Amino acid sequence: MHDVPEMSEPVQREISRLVSHAGQMLLQHGAESKLVSDICCRLGEALGLDSVEISLSASSMVITTITHQHCITTARRCPDRGINMRIITEIQRILIMAEKDLIDRDGVNKRLARLSPERYNRWLVAVMVGLSCASFSRLSGGDIAVFIITFLASFVGMLVRQEIGHRQFNPLLNFGVTAFVTTLISSLGAMQQIGNQPYLAMASSVLMLVPGFPLINAVSDMVKGYVNMGIARWVFASLLTLATSLGIVGAMNMTGVWGWL
């Protein structure tokens, strides 16, 4: 049996950079911790490393690559870039191609460099979010007038959320302001008693602000052994909920409409 040639340090350093870049993108775009760890380890081994050790935190990661008892450790900051399942899926596809020897490390590098978080048209997103919230009001027994009020409130609220997010403001501020604007618009319908159940619009229009994905990831992380990451994500999701609640209460306090509480 022939000995495996020892990997040079520049090659190991390049592979370490590719692994850390893939892990950074996964963590930034909403992947759960177990998936990030598995993909980084498998990608490193597919590219010729003996093993990959990874430590995750809420906003950073530390990766150590090992080959022939030689270690290289690198740290990366992972600021939140928003949930984007396309990025996660594409990185998984790159991993599978590397494991099947369809691409080498240069191919992995080129494919990772081409990845970018494509977004849907903002007007399309706002319309679909408005329709989804309005559908909840309809399913809860609201008439067409309540449906329209809910649609308008959530549509404008989503535009506000997108605009604040585009300017890179703190997500807590984003959720608070969005909840305030959305509730303010929907409460106008309740003040004028528009529709058979006007308070349904106030409750349904803010459903777009429920942090469902972070909460699911938090529970998943804790169940799979990443307790620290799970707690961090749970706390962040709870803070988003608190910011939303403050925005709702602020708008209600301004209009004096408290009927749906």
Side-chain angles (χ1 to χ4, degrees), residues 29-30 80-89 117-218 236-261:
H29 291 97
D80 181 53
R81 302 295 185 191
I83 297 168
N84 194 304
M85 298 309 296
R86 176 184 177 274
I87 293 292
I88 297 172
T89 303
E118 294 182 1
R119 309 288 183 184
Y120 289 107
N121 181 276
R122 61 174 300 187
W123 296 102
L124 175 63
V125 172
V127 168
M128 297 309 296
V129 167
L131 287 175
S132 64
C133 292
S135 298
F136 274 110
S137 69
R138 185 67 171 166
L139 289 172
S140 299
D143 59 9
I144 296 299
V146 173
F147 181 93
I148 294 173
I149 292 294
T150 305
F151 173 81
L152 291 175
S154 54
F155 174 77
V156 174
M158 193 62 198
L159 291 178
V160 171
R161 178 179 175 180
Q162 291 173 333
E163 197 63 30
I164 296 176
H166 180 69
R167 286 168 168 73
Q168 304 296 320
F169 279 88
N170 188 291
L172 300 178
L173 178 64
N174 190 340
F175 271 58
V177 173
T178 302
F180 178 84
V181 172
T182 304
T183 305
L184 190 65
I185 296 174
S186 59
S187 63
L188 296 178
M191 293 173 65
Q192 302 298 322
Q193 291 297 309
I194 299 175
N196 62 336
Q197 300 184 59
Y199 298 115
L200 272 179
M202 298 177 65
S204 300
S205 60
V206 293
L207 289 176
M208 63 176 175
L209 298 173
V210 175
F213 202 89
L215 287 173
I216 292 172
N217 273 348
F236 183 68
S238 300
L239 288 175
L240 291 177
T241 304
L242 175 61
T244 301
S245 301
L246 292 176
I248 293 172
V249 171
M252 287 181 170
N253 189 56
M254 178 176 290
T255 59
V257 179
W258 300 86
W260 73 283
L261 291 181

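Since we're looking at a predicted model, the values are computed, not measured. The residues of the chain are indexed from 1 along the displayed sequence. Quick note: numbers below take in every heavy atom, side chains included, and nothing from hydrogens, waters or symmetry partners.
- Between the CD1 atom of Ile149 and the OG atom of Ser204 there is a distance of 12.5 Å, given to the nearest 0.5 Å.
- No donor-acceptor pair under 3.5 Å is formed between the side chain of Thr183 and the backbone N or O of Phe180.
- A distance of 7.0 Å separates CG of Asp143 from CZ of Arg138, quoted to the nearest 0.5 Å.
- A donor-acceptor pair is defined here as one N or O able to donate and one able to accept, closer than 3.5 Å; such a pair exists between the side chain of Gln197 and the backbone of Gly141.
- Taking each heavy atom of Val160 and Val181 in turn, the nearest pair found is CG2-CG1, 4.1 Å.
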Trace of the side chain to side chain contact (heavy atoms under 4.5 Å, CB included) decision for Ile194 with Val146: CA-CA 7 Å; Ile194 299 175; Val146 173; over 6 Å; no

Audit row: Asn84, Arg119, side chain to side chain contact (heavy atoms under 4.5 Å, CB included) steps and yes/no: CA-CA 9 Å; Asn84 194 304; Arg119 309 288 183 184; 3.6 Å; yes

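- Residue Phe236 places its CZ atom among more than 12 non-hydrogen atoms of other residues, nucleotides or ligands, all under 6.0 Å distant.
- With Asn174 contributing its side chain and Gln168 its backbone, the two residues share no donor-acceptor pair below 3.5 Å.
- Residue Leu200 comes nearest to Gly142 through the heavy atom pair CD1-N, 3.5 Å, listed as atom of the first residue, atom of the second, then distance.
- For the atom pair OG1 (Thr178) and CG (Leu159), the distance works out to 10.0 Å, reported to the nearest 0.5 Å.
- Put simply, OG on Ser238 and CG on Leu215 are 6.5 Å apart, with the number rounded to the nearest 0.5 Å.
- Checking side-chain atoms of Asp80 against main-chain N and O of His29 turns up no donor-acceptor pair under 3.5 Å.
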Could you go through Val129 and Phe155, starting from their C-alpha distance and side-chain angles, then the distance that decides it, and tell me whether this counts as side chain to side chain contact (heavy atoms under 4.5 Å, CB included)? CA-CA 7 Å; Val129 167; Phe155 174 77; over 6 Å; no

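- Shortest non-hydrogen contact noted between Leu209 and Phe175 is O-CE2, 3.3 Å.
- Every pair passing salt bridge (Lys or Arg N to Asp or Glu O under 4.0 Å) that includes a residue from residues 152-166 is listed here, sequence neighbours excluded: Arg122-Glu163, Glu163-Arg167.
- Across all their heavy atoms, Cys133 and Ser205 have their closest contact at SG-O, 4.0 Å.
- The structure places CE of Met202 at 9.5 Å from CG of Leu184, a figure rounded to the nearest 0.5 Å.
- Around the CZ atom of Phe169, the shell of radius 6.0 Å holds no more than 12 heavy atoms that belong to other residues, nucleotides or ligands.
- A distance of 10.5 Å separates CE of Met128 from OH of Tyr120, quoted to the nearest 0.5 Å.
- Between Trp123 and Gln162 there is no side-chain heavy-atom pair separated by less than 4.5 Å.
- Nearest heavy atom pair, residue Phe151 against residue Leu131, reads CD1-N, 3.6 Å.
- Across all their heavy atoms, Pro211 and Pro214 have their closest contact at O-CD, 3.4 Å.
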